[in-house]
Participant: 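This is the structure I have questions about; it appears just below.
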There are 2 protein chains.
Amino acid sequence: MGTTQLESVPEPKYWHLKTVLSEALDSEFSVGEILPNERELAARFGVARATLRQALEQLELEGRLQRRRGVGTTVAPPRMGVAVGTEQRVWPGVGEDAWQAVGCTLAAPPAAVAAALETPREQSVHIVRRSRVSHGQPVAAELLYVPQTSAPELSAIDASSEAARARVVLRELHRLELQGQDSAVELGSARADDARQLDRLPGAPVLVVTTRYFAEGRTAALSVATYRADTCRLTFGASGVEILHGQERQAS
Amino acid sequence: MGTTQLESVPEPKYWHLKTVLSEALDSEFSVGEILPNERELAARFGVARATLRQALEQLELEGRLQRRRGVGTTVAPPRMGVAVGTEQRVWPGVGEDAWQAVGCTLAAPPAAVAAALETPREQSVHIVRRSRVSHGQPVAAELLYVPQTSAPELSAIDASSEAARARVVLRELHRLELQGQDSAVELGSARADDARQLDRLPGAPVLVVTTRYFAEGRTAALSVATYRADTCRLTFGASGVEILHGQERQAS
DNA sequence: TAGTGGTCTAGACCACGCG
DNA sequence: GCGTGGTCTAGACCACTAC
């Protein structure tokens with residue numbers, strides 16, 4: 001990585017810096033390698049630390065870097081493909097996916113969820129919390145909202161553990177015939193609880209996948225899953241195949 | 001919007017500030033309304049402008065605010081649903097979508113694109129640039145890579161305008177029988193050219209949708225579309241239906 | 001030209017991880 | 001305890017928009 005000073009150009013310093021760093025990452029660093037610390041990098045490029053950080057933030061947003069407080073900045077591996085919309089329609093928790101039930105509560109859903117479920121407000125629903133792990137890393141935290149009409153027979157077993165209750169709700173749900181589903185993806189920032197589950201700081205960028213499951217002529221369940229935007233590439237259709245690791249990355 | 005000072009709490013000021021502002025947006029502002037400027041807001045909350053900006057950045061990332069240099073900060077409308085993966089497989093540019101061909105060049109693709117197309121490197125491909133408009137706003141900029149094998153008969157008409165050439169390439173492409181397609185979504189930041197097309201600054205957060213189109217037993221075309229992450233919610237499956245406007249937003 | 005958001009600086013202190 | 005990235009400050013100047 002060069003030590004050249006930045007010239008006076010019309011484009012912002014942090015933007016130029018990002019380009020320089022990006023090229024250095026391609027040519028002089030390998031995955032997992034640790035970069036010099038921010039104070040040293042800033043000094044080396046002759047900019048304030050805040051400016052350098054702006055460049056690093058962008059590179060982290062693009063999945064090129066990973067920064068951890070108390071540890072350092074490392075070169076991130078290519079994003080992993082995570083299948084979120086397969087051809088065959090399946091209930092959440094069916095198939096060989098790495099979802100893991102964490103807990104289950106019975107509570108009134110947020111207003112927007114109640115609206116999507118066409119459930120009367122103030123009507124409690126099962127809220128199943130799940131966690132998705134891929135390649136040994138947590139990639140998603142999900143809240144699955146299941147109206148009591150979709151999973152009755154739950155009153156008898158509230159003595160079990162939360163995780164057990166979650167599995168029972170899922171089992172009940174799977175008894176219904178799934179008629180269809182649709183999904184939406186949007187950018188968000190991790191709430192405190194999701195962030196903990198994803199091993200990130202609150203506010204970290206996430207891809208929020210909202211999926212509606214239809215059965216018996218109504219919305220039988222609603223899933224709101226937040227995926228780590230830095231490490232994940234969400235795939236729809238044929239799953240998990242390697243496509244592009246990034247817009248401008250070298251072919252491996 | 002209150003004028004209360006922030007207390008000393010363990011959570012970051014900008015995070016608390018974001019929460020306060022978010023609630024104020026819900027209760028005291030309506031869509032399109034313009035907020036006080038950053039210097040005044042910072043003073044009102046008793047923080048440095050940089051800290052205030054950190055909160056605004058997050059809210060903009062979540063699609064709650066829109067900031068324009070020289071103008072001000074306004075309350076953003078709910079994100080619009082944009083269909084990107086419909087059930088029936090269709091070639092790009094077929095159907096009632098608002099894509100508009102901008103130009104077309106013949107050039108060697110980036111290495112990663114060449115790999116995905118299973119095309120020999122250094123082999124030129126048609127690169128069609130398109131623009132997608134929804135509700136009167138530009139929402140996506142796309143580069144569609146079409147190998148010459150997928151659209152021959154183009155040599156005779158290179159005298160036409162760029163936009164006309166683009167349409168011809170698309171027409172050629174549509175002659176093939178589409179066998180399948182798959183997509184991937186990931187977070188990125190807008191390159192300078194895409195940013196201009198999207199009416200944003202370079203580096204703005206975008207959702208990059210990479211779609212492979214299969215025909216004649218091979219990858220017949222590859223699309224890399226960058227959607228404005230602040231204004232768009234990408235929908236897969238049944239299109240465009242209103243689902244959730246955000247994770248915790250009030251039902252309208 | 002006035003006012004806005006965007007960039008940049010040179011400091012300071014804090015929270016966390018690791019040895 | 002030390003080094004890391006995370007937060008915060010109080011300024012300054014620039015680029016753009018609208019009048």
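Chain letters run A, B, ... following the sequence lines, proteins first, then strands; residues in each count from 1. Computed from a prediction, not measured in an experiment: that's the story for all the values here.
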Participant: Atom CD of B:Gln66 and atom P of C:dG6: how far apart are they, to the nearest Å?
Facilitator: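 Rounding to the nearest Å, CD of B:Gln66 and P of C:dG6 are 11 Å apart.
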Participant: Within the distance-only criterion (no hydrogens, no angle test), does the side chain of A:Gln197 pair as donor or acceptor with the backbone N or O of A:Arg130 below 3.5 angstrom?
Facilitator: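 The answer is yes, because a donor-acceptor pair under 3.5 Å joins these two groups.
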Participant: Could you check whether A:Asp26 pairs with A:Arg64 (Lys NZ or Arg NE/NH1/NH2 to Asp/Glu carboxylate O, under 4.0 Å)?
Facilitator: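 Looking at A:Arg64 together with A:Asp26, the answer is yes, because their closest N to O distance falls below 4.0 Å.
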Participant: Examine C:dT4: is either OP1 or OP2 under 4.0 Å from a nitrogen or oxygen in the side chain of B:Asn37? Give yes or no.
Facilitator: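 Yes.
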Participant: Mind checking the CH2-OG1 spacing from B:Trp15 to B:Thr51? Nearest 0.5 Å is all I need.
Facilitator: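 Reported to 0.5 Å precision, the distance equals 15.5 Å.
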Participant: I'd like to know if B:Arg129 and B:Glu162 make a salt bridge, using a cut-off of under 4.0 Å between side-chain N and carboxylate O.
Facilitator: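 The answer is no: the pair does not qualify as a salt bridge.
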Participant: Ignoring backbone atoms, test whether A:Arg67 places a side-chain nitrogen or oxygen under 4.0 Å from the OP1 or OP2 oxygen of D:dG6.
Facilitator: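 Yes.
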Participant: Could you go over nucleotides 8-11 of chain C and give all protein N or O partners under 3.5 Å, atom names and distances?
Facilitator:
| from | atom 1 | to | atom 2 | distance (Å) |
| --- | --- | --- | --- | --- |
| C:dC8 | OP1 | A:Lys13 | N | 2.2 |
| C:dC8 | OP2 | A:Tyr14 | N | 3.2 |
| C:dT9 | OP1 | A:Lys13 | NZ | 2.9 |
| C:dT9 | OP2 | A:Ala48 | N | 2.9 |
| C:dT9 | OP2 | A:Thr51 | OG1 | 2.4 |

Participant: Can you give me the N/O atom pairs linking the protein to nucleotides 15-19 of chain D at distances under 3.5 Å, or say none if there are none?
Facilitator:
| from | atom 1 | to | atom 2 | distance (Å) |
| --- | --- | --- | --- | --- |
| D:dA15 | O4' | B:Arg69 | NH1 | 3.4 |

Participant: Can you name the nearest heavy-atom pair linking B:Ala107 to B:Ile127, along with the distance?
Facilitator: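 Scanning both residues, the minimum pair turns out to be CB-CD1, 4.1 Å.
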Participant: Could you tell me whether B:Arg200 and B:Asp194 have a side-chain N and a carboxylate O separated by less than 4.0 Å?
Facilitator: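 No, B:Arg200 and B:Asp194 are not salt-bridged.
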Participant: Taking atom C1' of C:dG6 as reference, at what distance in whole Å does atom CZ of A:Arg53 sit?
Facilitator: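 So the two atoms are 18 Å apart, to the nearest Å.
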Participant: In whole Å, what is the span from the CZ atom of B:Phe45 to the P atom of D:dT7?
Facilitator: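 About 19 Å, once rounded to whole Å.
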Participant: With A:Glu40, which residues qualify under salt bridge (charged side-chain N to carboxylate O under 4.0 Å, His left out), at least two apart?
Facilitator: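 Salt bridge (charged side-chain N to carboxylate O under 4.0 Å, His left out) list for A:Glu40, sorted by chain: A:Arg44.
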Participant: Which heavy atom of B:Val139 sits nearest to which heavy atom of B:Cys232, and what is that distance?
Facilitator: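 Taking every non-hydrogen atom into account, CB-SG, 3.6 Å.
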